[in-house]
Amino acid sequence: MNKKQVIDVLNEIGLLLELKEELPFKARAYYNAARALELEDADIDELVSQNKLRQVKGIGEAIAKKITELVTTGHLEYYERLKKEVPPGLIEMLKIPGLGPKRIQTLYKKLGITTIGELEYACIENRLLELEGFGKRTQEKILKGIEYVKRYQGQFLYSDAKAAAEQLLIEIGDVIDGISVISIAGGIRRCKEITKDIDIVAASENQQEVIDAFVALPSVESIIASGDTKASVHLRSGINTDLRVVSNLQYPYALHHFTGSKEHNTAMRHRAKRMGIKINEYGLFKNEELIKCSDEHDFFKALGLQYIPPEIRENMGEIEAAEEGKLPDLLKSSDIKGIFHVHTAYSDGSATITDMVNAAFAKGYEYIGISDHSQSAFYAGGLKPEALMRQWREIDELNESLRARKVFKGIECDILLDGSLDYDDELLSKFDFVIASVHSHFNLSKEQMTARILRAIANPYVTMIGHVSGRLLLARQGYECDMDAIIEACIEYGVALELNANPHRLDLDWRYCGLAKSKGVKIVINPDAHNVDGLNDMEYGIGIARKGWLEAKDVLNSMNLDEIIAYLAAR
DNA sequence: GCCGTTTTCGGCCCGACTGTTTTCAGTCG
């Protein structure tokens, strides 16, 4: 059992304990242990075999014993017993806004409700009204919540949520007076690949008026909650939005607070407390006295920290690094000098090569790599060798007319079932670059899939591995593969890993960027564009790269044209 | 269940809003 699975089990035990109405702090202990494990660099097998679990802060005797059982036997008696005591539908119910462990427990005990379907039916029959602490409004709210969960699963792609949030800011700016400064906060500001709502923080000296105007906006479908300083609404677009309005003086603290993450905030508060400082959304307080900050830079400075960019506020080492002045100089859009992985009408793209090239150069890129699909990708109009010859002639002609710019000939080459590539080596050797990607047979075992990808990495003509996990966010789980082994192989063979910037993929996951970076694997941020607009997706890839602590030197396509020509020639 | 400049017991981050209460528990972020 790997680390990720152990973490999942610990978190689920926490949920189960809450649902069982155990002591709340016991549940929290399991969450803390899961989090501690997540932040721990050491290998889980090593921690267990060398008896080092107890040295991890947050893991005590009881949990260490459970983790050991889990890792050595793949099984945990305590967990299995808990699962038998709590129907799985109860965990599902936690997704319904307004329902937490306590109420779910009541519904289960008093009405015998074990699934969302049963709950919906019970609401329709007005059966919740007979319960103490429940009323008509609560029942209506739960019904609405069920509808929301069924309709959207309550989750949105970063790109969709960000677009909706920016649109909303424009609407607010047009309609609402008296706001001195406003910002998107929450997961969108942190560039999380998936988000469940929009968080907005605004500063105003007329808080109530701003709240009232906000909940009356045309794009607001219904109001979930509305108080003096805070409102929650369902937007017509289907996304929940929280607005928090504070005074001008409170704004920097509130912006930090509502940007999160929750884990980052908790760690910041613990740290501040040790310094004798209290943090809340209204300020930093030492002995009840406000420490004045005019922006977030001041805020971190007051706590003895470097400014921590929002993307990396996940309590994954950023606070410790900021303490030592060792935060990375995160990648910027302007660091990117060119792009690879662009499809054209030769395969499943919709634009001509000339259109894509012109659009890329208009964005200031020095080079663009064209990479249509290879011959086995029937579904995507993969290119037979004859079509490739035509494409190469077209690219050669284009290049003749260019100065200080270049179009590279590439391919997104399918990795076949056995790990071989979709053209012979003779043909592969003629490309400027080769992206090797898995597009079929997703259901292999982890071992088979890893071996398949490792074989592709070992091919001397492969420049980079495309969308390494194959995931489609909110739609398809990535296939199982051993990322540690893949990263090791990439170093050995000098192959780069793609960070696919398409908002449905954002694959390599940012959680692996640090590992790749520490091992010295180059990351290449690619748009995987299928039309001219697709080039704009680079923005999302760069955000995720920042989230993964990447700097310009870690990213292949931050090389300028001369450097990249030399790099590709040396491959 | 974990932890310790509050160290083997008694805490465990902090505050807004809602609904159902008549002073507060539950949920959320």
Side-chain angles (χ1 to χ4, degrees), chain A residues 10 13-14 17-18 21-37 53-67 78 93-107 128-142 144-145 154 185-187 189-190 192 195-201 207-208 211 215 223-233 240-246 250 253-254 256-285 315:
Chain A
L10 291 175
I13 289 175
L17 288 174
E18 283 198 87
E21 282 191 313
E22 293 277 337
L23 293 169
F25 290 111
K26 194 165 160 181
R28 187 180 295 178
Y30 280 90
Y31 296 134
N32 287 342
R35 191 73 198 170
L37 214 50
L53 278 171
R54 289 296 311 274
Q55 290 169 22
V56 180
K57 194 167 166 277
I59 297 178
E61 196 184 337
I63 294 184
K65 220 172 135 203
K66 293 192 174 76
I67 294 175
Y78 176 68
M93 282 185 217
L94 285 167
K95 287 185 192 157
I96 299 168
L99 270 191
K102 291 278 164 54
R103 283 179 170 163
I104 290 173
Q105 184 61 214
T106 307
L107 291 165
L128 269 53
L129 302 183
E130 51 194 83
L131 300 175
E132 197 171 326
F134 286 77
K136 204 159 182 285
R137 304 288 299 271
T138 304
Q139 181 172 278
E140 280 167 11
K141 217 168 176 173
I142 290 173
K144 258 199 157 150
R189 183 158 182 248
R190 297 200 317 280
K192 271 298 287 288
T195 189
K196 63 189 198 24
D197 60 11
I198 296 172
D199 290 300
I200 295 177
V201 181
Q207 300 177 6
Q208 185 70 63
I211 293 285
V215 298
I223 302 168
I224 302 165
S226 175
D228 304 338
T229 65
K230 181 187 163 179
S232 295
V233 300
N240 280 0
T241 300
D242 289 343
L243 170 71
R244 191 60 174 254
V245 188
V246 296
Q250 294 164 337
Y253 317 96
H256 175 265
H257 181 89
F258 293 107
T259 295
S261 64
K262 204 164 68 183
E263 290 80 8
H264 167 89
N265 285 355
T266 304
M268 287 286 285
R269 285 208 198 98
H270 277 297
R271 188 175 173 282
K273 202 171 174 182
R274 288 197 296 276
M275 299 169 70
I277 296 174
K278 185 175 86 165
I279 301 181
N280 62 27
E281 57 261 60
Y282 303 120
L284 289 178
F285 300 94
N315 192 27

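Chain naming here is simple, since letters A, B, ... match the order of the sequence lines and numbering starts at 1 in each.
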Scan every strand shown for a Watson-Crick or G-U wobble partner of B:dT8, both distances under 3.5 Å, and answer none if you come up empty.
none

Under 4.0 angstrom, heavy atoms only, what part of the nucleic acid is A:Asn265 near: base, sugar-phosphate, or nothing?
nothing

Is the shortest side-chain N to carboxylate O distance from A:Glu140 to A:Lys136 below 4.0 Å?
yes

Using heavy-atom distances to pick each residue's nearest nucleotide on DNA chain B, tell me which of A:Gly58 and A:Arg28 is more 5'.
A:Gly58

Assign A:Tyr282 to base, sugar-phosphate, or nothing according to its heavy-atom contacts below 4.0 angstrom with the strands shown.
sugar-phosphate

Take atom CG of A:Leu17 and atom C1' of B:dC2, then tell me their distance rounded to the nearest Å.
14 Å

Looking only at the side chains, is there a donor atom on one of A:Lys66 and A:Tyr30 sitting less than 3.5 Å from an acceptor on the other?
yes

A:Tyr31 OH to B:dC28 P, straight-line distance once rounded to whole Å
12 Å

Toward the 5' end of DNA chain B, which comes first, A:Gln139 or A:Lys102, by nearest nucleotide?
A:Gln139

A:Arg103 CZ to B:dC28 P, straight-line distance once rounded to whole Å:
8 Å

Would you indicate what A:Ile96 reaches in the nucleic acid, counting non-hydrogen atoms under 4.0 angstrom: base, sugar-phosphate, or nothing?
sugar-phosphate

Describe the nucleic acid contact of A:Glu132 in one word from base, sugar-phosphate, nothing, applying a heavy-atom distance below 4.0 Å.
nothing

Output the rounded distance in Å from CD (A:Glu18) to P (B:dA25).
17 Å

Tell me what A:Asn32 touches on the nucleic acid: a base, only sugar-phosphate, or nothing, going by heavy atoms under 4.0 Å.
nothing

Among A:Ile224, A:Ile223, A:Leu243, which residue satisfies the side chain to side chain contact (heavy atoms under 4.5 Å, CB included) criterion with A:Val215?
A:Ile223

Using a cut-off of 4.0 Å on non-hydrogen atoms, how would the nucleic acid contact of A:Arg274 be classed: base, sugar-phosphate, or nothing?
nothing

Would you kindly give the NZ-to-P distance between A:Lys230 and B:dC14, to the nearest whole Å?
18 Å

Whole angstroms only, please: what is the CD-P distance between A:Glu263 and B:dC28?
16 Å

Side-chain (A:Gln139) to main-chain (A:Leu128) donor-acceptor, under 3.5 angstrom:
yes

Could you tell me whether A:Ser226 contacts a base, only the sugar-phosphate backbone, or nothing, with contacts defined as non-hydrogen atoms closer than 4.0 Å?
sugar-phosphate

Touch check for A:Lys65, heavy atoms < 4.0 angstrom, all strands: base, sugar-phosphate only, or nothing?
nothing

Please state how far atom CZ in A:Arg244 lies from atom P in B:dG15, giving the value in whole angstrom units.
11 Å

Rounded distance (Å) that lies between atom P of B:dG1 and atom CG of A:Leu10
13 Å

